[in-house]
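Here is the structure we will look at, set down as structure tokens.
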Amino acid sequence: MKKRFLQFRSVLVMESILRLRRTSTLVLFLFMCAAAFMLMPEAGSGGTTFLIDERRVLLNSAAASLATAMLGGMIFSLAGFYLVSNSIARDVRTGVGSLVASTPVSSARYLAGKLFGNILYLSIIGAVFMTACMGMHLLRGEMPLEPVVYFRTFGIMFLPLIPVVASIALMFESVPLLSGRGGDALYFFIWTLSIGLSAAIVMGTKGRAWLLSTDISGIGFFIREIETTIKTTSVSIGYATFDRTLPPILFPGLKWIPDIVVPRLISAVIAFPLFGIAWVSFRRFDPAKKGMRTKTGLFSRIQQKIGRSWFHIPKVGWPAGSASFLKGVLLDFRMTLVLSPVVLAVIALSSVACLFAPVEVIRATLLPIAFFVLVPLLASIPTRDRAANATELIFSAPIVRQNFVSIKFLSALLTAALVCLVPLIRIGPDSPFGALELLNGMLFLAAGATILGVLTNTPKTFTAVFLLFLYVAMSSRGVPGFDFAGWHMIGTAAVAASYAMVSVLMMSTAWWTDWMRMGKERR
Amino acid sequence: MLTIESVSKKYRSGTTVIDNVSFECGPGVVGLLGPNGAGKTTLLRMIVTLTQPTSGRILFQGRDITREPDYVRQKLGFLPQDFGVYESATAFEFVSYLGGLKGIRSRGKVMEVLEAVNLHGMADSPIRTFSGGMKQRLGIAQALVNDPELLIVDEPTSGLDPEERMRFRTLLTTLGQTSLVILSTHIVSDLTAVAGRIAILQKGKLRTIASPEEILAQASGKVWQTVMSSSEFERRRSKLRISSAVQKADGVHVRFVGTDGVPPEATAVEPELEDAYLLITGDTEAR
């Protein structure tokens with residue numbers, strides 16, 4: 001028994017050590033602080049994240065904790081998956097897996113250690129977020145901070161959510177069909193659906209509180225509770241402007257009665273069957289077994305097969321002569337096509353669809369789809385060399401090391417530009433500003449992929465952050481600030497300038513970070 | 001101690017990687033030699049339960065390890081050819097982690113194995129600061145942390161400097177007094193120094209398993225040396241099974257094995273293990 005616990009604890013401790021020491025964790029802590037800053041706007045700013053009957057809700061602990069926990073929960077249910085869905089893949093990639101597999105640790109204990117490591121990590125991130133929100137309450141709250149209210153609200157939101165997200169991530173990693181980029185993309189669609197389902201569940205729970213136990217995200221639970229407490233059906237959570245002429249409303253807080261709380265906590269039990277699926281599917285790092293033959297998932301294997309048979313990537317003979325920066329960019333772009341031939345399919349489909357669709361449809365529908373598809377494709381460009389342990393080989397080529405960030409950025413931009421070329425040509429004559437916004441959006445996406453790839457060395461961070469951002473941008477049809485690529489045709493010059501500045505800032509940070517690394521390498 | 005009974009491994013593609021291999025071995029150091037693609041790594045992976053044989057049995061201390069993999073895993077130390085490390089962990093954390101998975105909690109034991117591979121001074125340093133040789137030594141340390149009764153090491157000395165290589169050989173000799181050590185390598189001189197028995201695999205088949213002396217005896221009278229001009233060497237090189245060729249002032253000093261086409265001016269010399277290996281496998285990949 002003691003030995004079994006020691007094995008479980010060893011996996012848990014190592015998992016926590018590795019995650020907490022990553023630069024991406026620090027980036028995440030900062031992101032959580034920034035999120036807390038944005039989710040609790042100053043009352044005088046004209047914006048709020050909690051409206052009841054079109055009236056701003058006074059920022060007491062009950063209201064502020066509820067709004068931040070709900071919005072944070074939404075972020076967590078998506079980003080949390082990407083944050084922890086690389087623990088088994090890491091062992092495969094680094095080769096530690098074969099060492100682990102030759103030890104007497106059972107698959108169940110190994111996976112349990114991974115699961116609880118994931119849970120602990122997400123709990124720490126959640127605690128940082130809650131602390132940041134309480135800090136913001138001290139700055140912007142309109143009534144005294146009540147920590148117990150925060151603990152209770154975040155607890156009821158995150159306690160069931162975290163184990164479920166962690167076990168989904170583990171299951172996706174263990175099931176060969178769901179691992180890799182295909183699984184990452186699939187989860188995003190599942191998450192999008194689950195948000196909609198949450199609302200549907202709320203509608204169907206009248207008098208049947210147990211149904212709330214099927215609402216994993218907790219959004220349905222909270223909305224129902226707010227509606228019950230306030231006796232209203234007009235509740236808005238998320239950034240919105242409010243009518244300053246209407247007096248703010250006081251939200252008294254939720255009723256914490258067992259009939260409501262218990263089903264919420266029960267929703268965590270879904271983690272058990274998910275863990276069971278992971279356990280059954282886990283292959284213990286045997287490359288001869290199905291699903292572990294390669295380090296890539298189903299999506300990669302399919303796209304390689306289809307891509308290679310459908311599209312011929314020309315074996316370009318580069319002109320003789322010294323290496324050049326442009327050649328570096330083009331070679332990197334060609335490697336994108338070789339490794340992900342699906343890019344060619346995306347370019348072809350996007351171009352054909354955009355040739356015939358009306359400009360409005362291109363902007364409002366086809367471009368968002370293209371951007372969503374671009375995210376996983378661009379995510380791997382700055383990180384794939386490190387994942388393949390090929391950085392030293394690549395850096396030994398002339399020109400590359402000192403221009404690595406620029407090459408990766410331009411390679412990502414070139415990929416995005418080819419996908420968006422026809423839309424750009426179609427939008428340009430109709431709306432020059434719209435074309436400029438699209439260019440700006442491409443720059444933003446390429447810069448985001450570069451900075452997050454350079455900082456964190458994993459494609460997951462960019463995938464998680466930008467899928468969430470695109471989702472918010474797509475949903476915020478009335479908010480000019482989110483119209484970063486001209487999808488909704490409401491963006492302003494100030495918005496475009498802001499995104500351009502953010503892109504420049506991101507690239508400057510990427511260049512600076514790489515420059516610092518080069519300095520370290522020289523020492 | 002370890003019995004391999006008619007073990008074969010076939011992949012779905014139809015490729016036979018290991019073909020009806022059988023041998024037995026007790027405590028001591030057993031060297032595993034073979035050209036690239038001979039099936040050495042696959043055989044080792046089957047012994048350490050990372051993959052299962054398509055047919056045949058592998059018994060350790062009389063227990064079938066395909067049925068009871070945990071039995072051997074508890075007594076096993078394994079250093080694969082391409083092992084990895086967690087770069088952000090320290091040496092101590094990494095060895096403690098794998099020790100923990102093997103049920104070893106003692107801090108003293110972890111420090112002891114780090115000392116055995118001369119890494120105790122770097123115990124608290126992140127692995128990302130280690131050189132390739134230091135990582136290799138760390139791999140050796142994790143394999144030793146549970147005092148294994150069966151130690152499997154695949155190409156362990158690549159990346160080690162001569163001093164560390166000597167140190168490692170001594171370590172293996174000590175371990176081989178009580179445990180079974182299977183050492184797979186391309187570096188024949190490593191085996192000469194430590195192996196009590198040598199198994200030679202080729203194209204998935206066991207060509208021989210014998211003591212170094214017995215293997216050397218097979219090559220006796222079949223190893224030759226001569227000096228020839230460069231042009232003559234170029235003319236003859238494809239016909240001779242050359243184990244070494246060194247260009248010197250008086251011509252090319254050629255050492256070769258075999259009995260056919262021996263030039264009359266060649267003189268017989270005492271065989272070395274590399275010569276014997278070449279003679280048995282009939283190729284030159286050991287160089």
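Note: hydrogens, waters and symmetry copies are ignored here, and every other heavy atom, side chains too, is used. Order of the sequence lines sets the chain letters (A, B, ...), proteins ahead of strands, with each chain counted from 1.
- Donor-acceptor pairing under 3.5 Å is lacking for the side chains of Thr458(A) and Thr456(A).
- With a 4.5 angstrom heavy-atom cutoff, Arg90(A) touches chain B only via side-chain atoms.
- Proximity to chain B among residues 7-17 of chain A is limited to Gln7(A), Arg9(A), Ser10(A), Val11(A), Met14(A), Ile17(A), judged by heavy-atom separations below 4.5 angstrom.
- Only the side chain of Gln142(B) comes within contact range of chain A, with heavy atoms under 4.5 Å apart.
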Stepwise ring pair (Phe, Tyr, Trp, His ring centres under 6.0 Å) test for Phe282(A) and Tyr110(A): CA-CA 10 Å; Phe282(A) 180 58; Tyr110(A) 170 76; 5.4 Å; yes
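- In this model, a donor atom of one side chain and an acceptor atom of the other lie less than 3.5 Å apart for Arg19(A) and Asn118(A).
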Could you check Asp385(A) against Thr391(A) for side-chain hydrogen bond (donor to acceptor under 3.5 Å, both in side chains), going step by step and ending with a plain yes or no? CA-CA 5 Å; Asp385(A) 308 306; Thr391(A) 40; over 6 Å; no
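- Phe116(A) CZ: 12 or fewer foreign heavy atoms inside a 6.0 Å radius.
- Put simply, the side chain of Cys25(B) reaches to within 4.5 Å of the side chain of Leu180(B), judged on heavy atoms.
- There is no contact between Tyr71(B) and chain A, counting heavy-atom distances below 4.5 Å.
- For Ile104(B), the part lying near chain A is the backbone, with the side chain staying farther off; criterion is any non-hydrogen pair under 4.5 Å.
- Taking the charged nitrogens against the carboxylate oxygens, Arg45(B) and Asp154(B) have no contact shorter than 4.0 Å, which rules out a salt bridge.
- The closest side-chain heavy-atom distance from Phe78(B) to Leu150(B) is not below 4.5 Å.
- At a 4.5 Å heavy-atom cutoff, the contact between Leu76(B) and chain A is made by side-chain atoms alone.
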